[in-house]
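Predicted model, so just to flag it, every value in this text is computed and none were measured. Naming convention: chains lettered A, B, ... in sequence-line order (proteins, then strands); numbering from 1 in each chain.
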Amino acid sequence: MSSFAGRMKEYPTVSLDRFDRENLLSRAYFLSHCHKDHMKGLKGPILKRKLEFSRTVRLYCSFVTKELLLSNPKYAFWEEYIVPLELESPTQISLVDETSGEKEDLVVTLLTAGHCPGSVMFLFEGSQGNVLYTGDFRLAAGDASRIEHLHSGSRVKDIQSIYLDSTFYDPRFYKIPTREVCLNGILELVGNWISQSPYHVVWLNCKAAYGYEYLFTNLGEEFNTQIHVRSLAMFKKMPEILSYVTTDRRTQIHACRHPKDEEFFQGSRLPCGCTASDGTPLRIISIKPSTMWFGERMRKTNVIIKTGASSYRACFSFHSSYSELKDFLSYLRPVNIYPSVIPIGRTLTEVTQIPQKTADEGETPDNDENFSLTLSASLSNHSSQNLDSCLPDTLILQPEQGGREQGDKRPSTVAQEESNDQKELSESQVSSDYDIPCTPESKTPRPDELSQLYRKLASGEDVIRKRD
DNA sequence: GCGATCAGTT
DNA sequence: CACAACTGATCGC
């Protein structure tokens, strides 16, 4: 789960993967991929209202992410405000303060992230240096060296900060078999089963999320078949996926789902029924893709585990392993690293916090969403050493002063972001509605209304309707 | 009735 | 087995 609050220290007037709270004030939005935990606030009525008034605020994402997003009617209102960008195409974006007219230019480049269809990393280049926001990603060791726009000639660009998918930043997850190794294990298991008879079928027990599509296309290609899924609508403009999926259940490979499938369909059942169209009972095995990891010295890395008479787990990961993350970081050598998630299992060591906001500086929302911390604030000072030794083994959140009660399940540590010029909104304010001026006859705001709206948004005053 | 949030589950 | 999303309870409007 991403716990990133939405803004980067270097370019605080843009928001990424978060669209609520203070992100409502941003001049531009970026969506790295279409998973719901990166879309918080994206269907919010306040944001919708803001877009209707704005001439310059847009959402930037890949073409595929745009398609996936708009395939959900709840996000349809974004259509005219999305600017899809090609991968590997540096694009200049003007960040305009619509109140003052103040303008800042930023160049953004989308880099493939390998997490799910359409997933990208954002490389920002501007007055505050080069910053890489990875979103969620899975890249193999050595991949960073093959990304052109991380280089300038033959040299790696100077990276001020990386906002990192730190899901597996823990030595416990040292090694995760590569995509290819995992895929080959699954291909072999599926092939051995479905070749026995037309009534031998497999059910891929996938979570309801994008990211398994390359599994479907590879299986479809290998066995010259299609995979049964619940809906094709989201892929209708993606022929290379669409051609490998079907809603016709007469196929030997299924990834269909049913709301109650976990309870009833484990092992030897199928969400779409357990008999063939001629009435013959199907012979079903289930394969659950899930993350498997191995220690540094672990030799045996079996990517398929039998979990029952007719059920298996197969290795599959949406995120880079520890060693892949270390490889990525030691290649790019950023000055700062900001982890995007609370580490799983924390037994760890060093960490450097960015300066904390003091408790008496106005209202600080009491939540765990604004945390942000940095490891090794000065990696660049260690240039003569092996950088790997400068990277902390693990990440840990530092205890907050006057910490929480024991038994509180939330992270016991919250590092606040540095205060920006923009005023933070308190929790109660955020849940209220903005009282946005509007011309009754038309959606078009009068010029003074627009300027008034943004002045109010910027000041945090009067915009919030008071509740009693 | 809708949406947000939380705890629990897979 | 560790991720992302669904379910159901609860609360507020």
Exercise. Ignoring the backbone of A/Thr167, work out which of C/dC3, C/dA2, B/dA4 is nearest its side chain.
Key: C/dC3
Quiz prompt | Distance-only side-chain donor-acceptor flag, A/Thr307 / A/Arg313, under 3.5 Å | solution = no
Practice problem: Using whole Å, report how far NZ of A/Lys207 lies from P of C/dT7. | Solution: 16 Å
Quiz item: OP1, OP2 of C/dC3 versus side-chain N and O of A/Thr291: anything below 4.0 Å?
Solution: yes
Self-check item: Candidate nucleotides C/dA2, B/dA4, C/dA5, ranked by approach to the side chain of A/Lys36 - the nearest
Solution: C/dA5
Could you list the donor-acceptor pairs under 3.5 angstrom formed between side-chain atoms of residues 61-74 of chain A and any protein atom two or more places apart in sequence or on another chain?
unit_1  : atom_1 : unit_2   : atom_2 : d
A/Ser62 : OG     : A/Thr65  : N      : 3.1
A/Ser62 : OG     : A/Thr65  : OG1    : 3.0
A/Ser62 : OG     : A/Gly118 : O      : 2.7
A/Thr65 : OG1    : A/Gly118 : O      : 2.9
A/Ser71 : OG     : A/Leu68  : O      : 2.7
A/Asn72 : OD1    : A/Lys74  : N      : 3.0

Exercise. Mind calculating the distance between NE2 (A/His33) and C1' (C/dA5) to the nearest angstrom?
Key: 12 Å
Quiz item: Are A/Ser32 and A/Asp17 close enough that a side-chain donor and a side-chain acceptor fall under 3.5 Å?
Solution: yes
Quiz item: Counting only N and O atoms by type, is there a donor-acceptor contact under 3.5 Å from the side chain of A/Asn23 to the main-chain atoms of A/Asp20?
Solution: yes
Quiz prompt | Integer-rounded Å distance: C/dA2 P and A/Ile305 CD1 | solution = 11 Å
Practice problem: For A/Lys74 and B/dC2, give me the distance from atom NZ to atom C1', rounded to whole Å. | Solution: 10 Å
Exercise. Figure out the NE2/P separation between A/His38 and C/dA4, and round it to whole Å.
Key: 6 Å
Quiz prompt | Candidate nucleotides C/dC1, C/dA4, B/dT5, ranked by approach to the side chain of A/His35 - the nearest | solution = C/dA4
Practice problem: Using whole Å, report how far CG of A/Asn72 lies from P of C/dA4. | Solution: 18 Å
Practice problem: Take the protein atom CG of A/Asn205 and the nucleotide atom C1' of C/dC3, then report the distance between them rounded to whole Å. | Solution: 14 Å
Quiz item: Taking A/Ser2 for the side chain and A/His38 for the main chain, is one N or O donor matched with an acceptor at less than 3.5 Å?
Solution: no
Quiz item: Quick one: is C/dA4 close enough that its OP1 or OP2 comes under 4.0 Å of any side-chain N or O from A/His115?
Solution: yes
Quiz item: To the side chain of A/Trp293, which of C/dC6, C/dA4, C/dA2 is closest?
Solution: C/dA2
Exercise. Starting from P on C/dA5, measure out to CG on A/Asp37 and report it in whole angstrom.
Key: 6 Å
Quiz prompt | A/Lys288 side chain, from C-beta outward: closest of B/dT5, C/dC3, B/dT10 | solution = B/dT10
Quiz item: Taking the side chain of A/Lys43 as heavy atoms from C-beta outward, which of B/dA4, C/dA4, C/dC1 is closest to it?
Solution: B/dA4
